[in-house]
There are 2 protein chains.
Amino acid sequence: MKRPQDVFANYLAEKNLKMTPQRRMILDTLLKQNDHLSSEDLYYHVKKRDKSIGQATVYRTLKLLTDSGLIDSLDFADGVTRYEMTYGTDHHDHLICEQCGKNIEILDSTIENRQEALAKEHGFTLLRHKMYLYGLCEKCRNKKI
Amino acid sequence: MKRPQDVFANYLAEKNLKMTPQRRMILDTLLKQNDHLSSEDLYYHVKKRDKSIGQATVYRTLKLLTDSGLIDSLDFADGVTRYEMTYGTDHHDHLICEQCGKNIEILDSTIENRQEALAKEHGFTLLRHKMYLYGLCEKCRNKKI
DNA sequence: ATCTAATTGAAATTCAAAAACAATGATCGG
DNA sequence: CCGATCATTGTTTTTGAATTTCAATTAGAT
């Protein structure tokens with residue numbers, strides 16, 4: 001298993017793009033944070049390390065990292081795009097509490113298999129999918145009564 | 001089965017909101033179009049019937065219709081929120097071609113059941129879910145070779 | 001009919017994301 | 001080493017969907 005840094009470097013080389021200190025640093029920061037970060041969040045952390053970095057660079061790098069397959073964008077339906085590492089980790093989906101925002105990562109092979117099968121039935125090659133389950137967690141459900 | 005118009009009227013009454021000609025007309029237009037419309041699309045159609053209608057009213061009404069459970073918002077990952085009627089129709093998810101935008105509605109009871117089960121396993125009450133399968137349709141896959 | 005709170009359209013505002021731009025930096029062949 | 005080329009940067013501006021503000025209007029209960 002190659003290091004994420006190397007995967008990124010390879011991706012850039014392949015596309016005739018360049019590895020820069022900024023890109024290196026942004027990936028590095030992301031690897032250390034690793035949560036469900038928004039671009040804004042990441043910008044904040046990156047800025048702590050290097051005051052001079054620009055917000056656009058963070059946006060641009062996140063797009064590159066997404067294209068390289070290292071990270072994936074998430075949509076929790078709150079108007080902000082978040083990102084998470086996907087390289088080297090098992091794929092998973094998300095179960096989100098609409099009340100408190102609690103977020104549980106879930107994985108179900110039955111569902112994954114059926115997704116593949118469904119796509120195939122319609123002549124599609126499945127590239128990726130997004131599945132979000134929205135509900136109320138135990139605590140919030142009880143509060144509501 | 002009540003008419004959508006009545007469902008909406010009831011919803012508004014329940015919330016102490018008012019039925020207005022604009023709201024009536026927007027719902028009516030939506031019922032006739034029925035596709036995967038964006039707010040912009042709908043605004044265009046509505047405007048043809050009544051020049052004087054404001055864009056904000058369309059946004060506002062779409063929100064109300066969503067809250068009333070008549071329609072649902074869709075995210076095809078192209079930056080525009082689309083809407084579709086869900087009242088009176090079976091729930092379904094979407095299989096989207098990333099190349100040409102072709103959009104197939106899918107339904108799989110195995111997946112639906114597992115979703116419920118997964119939520120329950122984590123103590124959640126499932127309210128709704130979104131599942132999008134992104135891939136390449138047969139035509140576009142062949143074109144790519 | 002009256003009254004009050006909801007609603008309207010127009011305009012202004014928000015906000016994340018993208019683009020424009022001039023300056024900087026890397027990489028290459030010669 | 002040099003200069004040409006092209007990607008990259010940070011700043012600033014722009015975009016575009018969506019929301020808010022506001023004064024004027026209107027629905028609908030009493």
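Fair warning: this is a prediction, and the values are worked out from it, not measured in the lab.
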Check your understanding: Who passes side chain to side chain contact (heavy atoms under 4.5 Å, CB included) against A/Lys15, sequence neighbours left out?
Key -> A/Tyr11, A/Leu17

**Study point:** Qualifying residues under side chain to side chain contact (heavy atoms under 4.5 Å, CB included), relative to B/Thr29, sequence neighbours excluded
**Key:** B/Met25, B/Gln33, B/Leu42, B/His45, B/Val46, B/Arg49

Review point. In terms of the nearest nucleotide of DNA chain C, which residue is placed more toward the 5' end: B/Ile53 or A/Arg82?
Key: B/Ile53

**Study point:** DNA chain C-proximal residues of residues 59-68 of chain A, any heavy atom under 4.0 Å
**Key:** A/Tyr59, A/Arg60, A/Lys63

Counterpart residues, salt bridge (charged side-chain N to carboxylate O under 4.0 Å, His left out), relative to [X] (two or more places apart):
X: B/Glu40; value: none
X: A/Lys32; value: A/Asp28
X: B/Arg24; value: none

Practice item. Name the first nucleotide and the last nucleotide along DNA chain D (5' to 3') that come under 4.0 Å of a heavy atom in chain B. Key: D/dA17 to D/dG28

Exercise for review: Rounded to the nearest angstrom, tell me the gap between atom CG in B/Asp78 and atom P in C/dA18.
Suggested key: 13 Å

Check your understanding: Under 3.5 Å, is there a donor-acceptor pair linking the side chains of B/Thr125 and A/Arg141?
Key -> yes

Study note, to complete from the structure: Nearest-nucleotide check on DNA chain D, B/Gly79 vs A/Tyr43; residue mapping nearer the 5' end is A/Tyr43

Study note, to complete from the structure: Residue pairs passing the salt bridge (Lys or Arg N to Asp or Glu O under 4.0 Å) test with at least one member in residues 113-125 of chain B, sequence neighbours excluded, are A/Asp108-B/Arg114, B/Arg114-B/Glu121

Revision key, fill the gap. Residue pairs meeting salt bridge (Lys or Arg N to Asp or Glu O under 4.0 Å), one or both in residues 72-81 of chain B, sequence neighbours left out, come to B/Asp78-B/Arg82

Check your understanding: Considering only heavy atoms, which members of residues 15-24 of chain B lie under 4.0 Å from some atom of DNA chain D?
Key -> B/Lys18, B/Met19, B/Pro21

Review point. Would you say A/Ser38 reaches C/dA16's phosphate, i.e. side-chain N/O to OP1/OP2 under 4.0 Å?
Key: no

Point to revise | With sequence neighbours excluded, residues passing side chain to side chain donor-acceptor pair (under 3.5 Å) with B/Thr89 | key: none

Practice item. Could you pull out all residues at least two apart from A/His92 that satisfy ring pair (Phe, Tyr, Trp, His ring centres under 6.0 Å)? Key: A/His94

